Amino acid sequence: RLYSAVQGSKIEDHLNAVRGFAFELLAGLIIQSHGYVNDFSIRKPFKSIDSEGEITADVYGRRAQGTEIVAIECKADYENSRIELADVQKFVKKVVPAVKKHENKHRSGKPFVLNAEFWTTGTFSSDVIEWCAEQPNRDGVNFTLRDRANLLDLAKTLEGIGTPVKLTIK
């Protein structure tokens with residue numbers, strides 16, 4: 001349905017207008033179309049690893065077989081905006097460990113892969129790209145940065161998807 005709404009127009013124009021919760025819903029639609037349909041949530045809370053409070057994954061889902069999980073941080077900004085290192089570090093050091101701890105606890109030690117992705121409608125600063133390149137490969141975690149250009153390509157994969165999806169909004 002989303003694709004039909006933008007078919008015949010430039011998706012770039014629509015991406016400029018997507019902000020906040022709407023961007024999270026778009027991300028959710030995209031990951032569902034790629035098979036992350038189980039335990040799907042927008043703004044899924046997890047227990048923080050360093051406090052009594054909660055921390056939230058903007059988008060969360062699990063593939064049908066249950067061994068592959070995705071957690072996405074969404075930052076919808078203007079086309080020329082840049083995501084700074086502090087934003088990405090917060091996701092990598094706070095959200096990703098909280099999701100991983102939750103999965104380890106609820107999966108009773110069964111193996112899984114966590115695809116941790118940071119999405120933006122803008123771009124990433126050079127220090128973000130350098131910092132991410134310097135990080136060690138984290139056991140069982142695949143980390144991906146998706147900027148505006150990458151998201152435009154990914155959104156185009158929605159062509160032909162017309163099946164209604166059930167969204168759990170928390």
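It should be emphasised that the depicted structure is a prediction, and the values quoted were computed from it without experimental measurement.
Within a 6.0 Å radius of CZ in Arg82, other residues, nucleotides and ligands contribute 12 heavy atoms or fewer.
Identified under the ring-ring contact (aromatic ring centres under 6.0 Å, His included) test for residues 122-146, with sequence neighbours left out: Phe118-Phe124. For residues 49-69, every residue pair satisfying the ring-ring contact (aromatic ring centres under 6.0 Å, His included) rule, not counting sequence neighbours, is listed here: Phe46-Tyr60.
Thr144 places none of its side-chain heavy atoms less than 4.5 Å from the side chain of Asn115. Thr67 places none of its side-chain heavy atoms less than 4.5 Å from the side chain of Lys110. Inter-residue side-chain proximity for Lys44 and Asp39 is flagged as met; some heavy-atom pair is nearer than 4.5 Å. Side-chain atoms of Glu103 and Arg62, non-hydrogen and from C-beta on, do get closer than 4.5 Å to each other.
Of all heavy-atom pairs spanning Ala98 and Ile55, the tightest one is CB-CG2, 3.6 Å. Considering every non-hydrogen atom in both Asp147 and Gly122, the closest pair reads CB-O, 3.6 Å. What you find for His34 and Leu154 is that their closest heavy atoms are NE2-CD1, 3.9 Å. Listed here is the closest heavy atom pair of Ile49 and Pro97: CD1-CB, 3.5 Å. Scanning all heavy atoms of the two residues, the minimum distance from Val59 to Cys74 falls at CG2-SG, 4.0 Å. The two residues Cys132 and Leu145 have their closest heavy-atom pair at SG-CD1, 3.9 Å.
Between the OG atom in Ser125 and the CG atom in Asp87 there is a gap of 9.0 Å [rounded to 0.5 Å]. Rounding to the nearest 0.5 angstrom, the gap separating the OG1 atom in Thr123 from the CD1 atom in Ile129 is 7.5 Å. Note that CG of Leu26 and CG of Leu151 are 8.0 Å apart. Values are rounded to the nearest 0.5 Å. For the atom pair CD (Glu24) and CG (Asp58), the distance works out to 4.0 Å, reported to the nearest 0.5 Å. Atom CD1 of Ile72 is separated from atom CZ of Arg146 by 7.5 Å, given to the nearest 0.5 angstrom. The line from OG1 of Thr121 to CH2 of Trp119 is 12.0 Å long, rounded to the nearest 0.5 Å.
Put simply, Ile83 and Leu152 are part of two different groups of oily side chains (I, L, V, M, F, W, Y) that touch within less than 4.5 Å, one to the next. The hydrophobic clustering, which links ILVMFWY residues whose side-chain heavy atoms are closer than 4.5 Å, places Tyr36 and Ile42 together. Side-chain heavy atoms closer than 4.5 Å link hydrophobic residues (I, L, V, M, F, W, Y) into clusters, and following such links, possibly through other members, connects Ile69 to Val141. Put simply, Phe40 and Phe23 are part of the same group of oily side chains (I, L, V, M, F, W, Y) that touch within less than 4.5 Å, one to the next. Under the 4.5 Å side-chain heavy-atom criterion for Ile, Leu, Val, Met, Phe, Trp and Tyr, Val70 and Val37 are members of distinct hydrophobic clusters.
Contact check on Lys94 versus Asp50 returns a salt bridge, with a Lys/Arg side-chain nitrogen under 4.0 Å from an Asp/Glu carboxylate oxygen.
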